[in-house]
Amino acid sequence: YGSFVCKYDGNNCALVYSAWEDTSASLDWRNWAMRIETPCVFYANNMYFISNPDSHNSNYPYGVYKLDLATCETPKLIYEMDKNEKIKRMHGSSEISYTFLDAICLTIANGKLYVHKDFLIDVHSSTVYDDVYSMDEIPL
């Protein structure tokens, strides 16, 4: 089982990390037991990414991790997410409940990391949106 992460500058794609070529003990994919999933974002020599626990990486909580690209030490969890998180939105006089589906994007601006989240409606209705979105802010 292996994966790789590339950094794209708009013209060129440069390999940042390859699990296939990993020989460093501190950066051993199997020791991390972590799968890097998109989305990820780069800022100040760090890579921020989401790790989604499954059969391949059950040792790590679901959330946003920070990887120092200079040291390549084990990534640190900086923001944990709850797959059972719920939010409510008003639609007219009705309160509609939504459950967290997944994080769809990471962006960085003004020294803050923004986690863009997608929520799916709990009880379907033809008059409201099936999906709503929110954005959580994490100071860097």
Side-chain angles (χ1 to χ4, degrees):
Y1 187 80
S3 189
F4 59 89
V5 176
C6 290
K7 183 176 182 180
Y8 184 66
D9 65 7
N11 295 308
N12 302 299
C13 185
L15 185 67
V16 172
Y17 174 75
S18 171
W20 299 109
E21 300 171 2
D22 184 5
T23 56
S24 161
S26 65
L27 193 56
D28 190 306
W29 199 261
R30 291 159 299 180
N31 288 348
W32 281 7
M34 178 182 291
R35 182 177 67 185
I36 293 176
E37 294 197 337
T38 54
C40 65
V41 66
F42 297 87
Y43 178 74
N45 209 37
N46 295 305
M47 180 174 78
Y48 298 88
F49 65 91
I50 293 169
S51 179
N52 191 354
D54 58 16
S55 61
H56 296 290
N57 59 0
S58 57
N59 295 332
Y60 289 85
Y62 179 47
V64 179
Y65 287 78
K66 174 184 172 182
L67 170 63
D68 184 325
L69 295 172
T71 64
C72 289
E73 293 176 351
T74 301
K76 293 179 176 57
L77 177 69
I78 62 166
Y79 176 73
E80 189 168 353
M81 292 187 283
D82 178 6
K83 289 197 170 193
N84 297 313
E85 179 184 358
K86 291 190 175 290
I87 60 173
K88 296 187 183 301
R89 293 290 183 263
M90 292 303 296
H91 181 76
S93 59
S94 301
E95 191 174 61
I96 310 297
S97 176
Y98 294 84
T99 300
F100 178 65
L101 183 61
D102 59 8
I104 55 172
C105 184
L106 297 176
T107 56
I108 292 179
N110 302 318
K112 294 176 183 169
L113 175 70
Y114 295 91
V115 181
H116 303 255
K117 294 176 166 181
D118 184 8
F119 290 80
L120 191 61
I121 195 167
D122 289 339
V123 179
H124 289 281
S125 167
S126 60
T127 60
V128 298
Y129 293 113
D130 286 344
D131 291 69
V132 295
Y133 303 92
S134 76
M135 189 166 60
D136 292 354
E137 183 181 290
I138 308 161
L140 296 177

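All values below were derived from every heavy atom in this structure, side-chain atoms included, with hydrogens, water molecules and symmetry-related copies excluded. Start at 1 with the first residue, then count along the sequence.
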(request) Examine Tyr98 and Phe100 and state if one hydrophobic cluster contains both, with Ile, Leu, Val, Met, Phe, Trp and Tyr joined whenever side-chain heavy atoms are less than 4.5 Å apart. (result) yes
(request) Report the C-alpha separation of Ile87 and Lys117 in whole Å, then their side-chain angles, then the decisive distance to 0.1 Å, and conclude whether the side chain to side chain contact (heavy atoms under 4.5 Å, CB included) test is met. (result) CA-CA 11 Å; Ile87 60 173; Lys117 294 176 166 181; over 6 Å; no
(message) Within this structure, what is the CG-CG distance for the pair Leu67 and Asn46, rounded to the nearest 0.5 Å?
(response) 7.5 Å
(message) In this structure, would Tyr79 and Leu101 fall into the same cluster of hydrophobic residues linked by side-chain contacts under 4.5 Å?
(response) no
(request) Check whether Val41 and Tyr114 end up in the same hydrophobic cluster, where Ile, Leu, Val, Met, Phe, Trp and Tyr are linked by side-chain heavy atoms less than 4.5 Å apart. (result) no
(request) Could you go through the side chain to side chain contact (heavy atoms under 4.5 Å, CB included) check for Thr99 and Asn84 one step at a time? (result) CA-CA 6 Å; Thr99 300; Asn84 297 313; 5.6 Å; no
(message) Between Tyr43 and Leu113, is the side chain to side chain contact (heavy atoms under 4.5 Å, CB included) condition met? List the steps.
(response) CA-CA 10 Å; Tyr43 178 74; Leu113 175 70; over 6 Å; no
(message) Is the shortest side-chain heavy-atom distance between Met81 and Ile50 below 4.5 Å?
(response) yes
(message) Please tell me whether Phe42 and Tyr65 are part of a single hydrophobic cluster in this structure, the criterion being side-chain heavy atoms less than 4.5 Å apart.
(response) yes
(message) Please find the pair of heavy atoms, one from Pro139 and one from Glu137, that lie closest to each other, and give the distance.
(response) CD-O, 4.0 Å
(request) List, by chain and then residue number, the residues other than Ile104 in its hydrophobic cluster (Ile/Leu/Val/Met/Phe/Trp/Tyr, side-chain heavy atoms under 4.5 Å); write none if there are no others. (result) Tyr133
(message) Take a 6.0 Å sphere around CG of Asp82 and say whether it holds more than 12 heavy atoms from other residues, nucleotides or ligands.
(response) yes
(message) Restricting to side chain to side chain donor-acceptor pair (under 3.5 Å), what partner residues turn up for His116, sequence neighbours left out?
(response) Thr107
(request) Could you tell me which non-hydrogen atom of Arg89 sits nearest to which non-hydrogen atom of Ser134, and how far apart they are? (result) NH2-CB, 4.0 Å
(message) Between Leu120 and Val115, is there shared hydrophobic-cluster membership here, with clusters defined by ILVMFWY side-chain heavy atoms closer than 4.5 Å?
(response) no
(request) Decide if atom NZ of Lys86 counts as having more than 12 heavy atoms of other residues, nucleotides or ligands within a radius under 6.0 Å. (result) yes
(request) Search all heavy atoms of Ala103 against all heavy atoms of Tyr62 and return the closest pair with its distance. (result) N-OH, 3.7 Å
(message) Measuring only between side-chain heavy atoms, which start at C-beta, is Tyr48 closer than 4.5 Å to Ile138?
(response) no
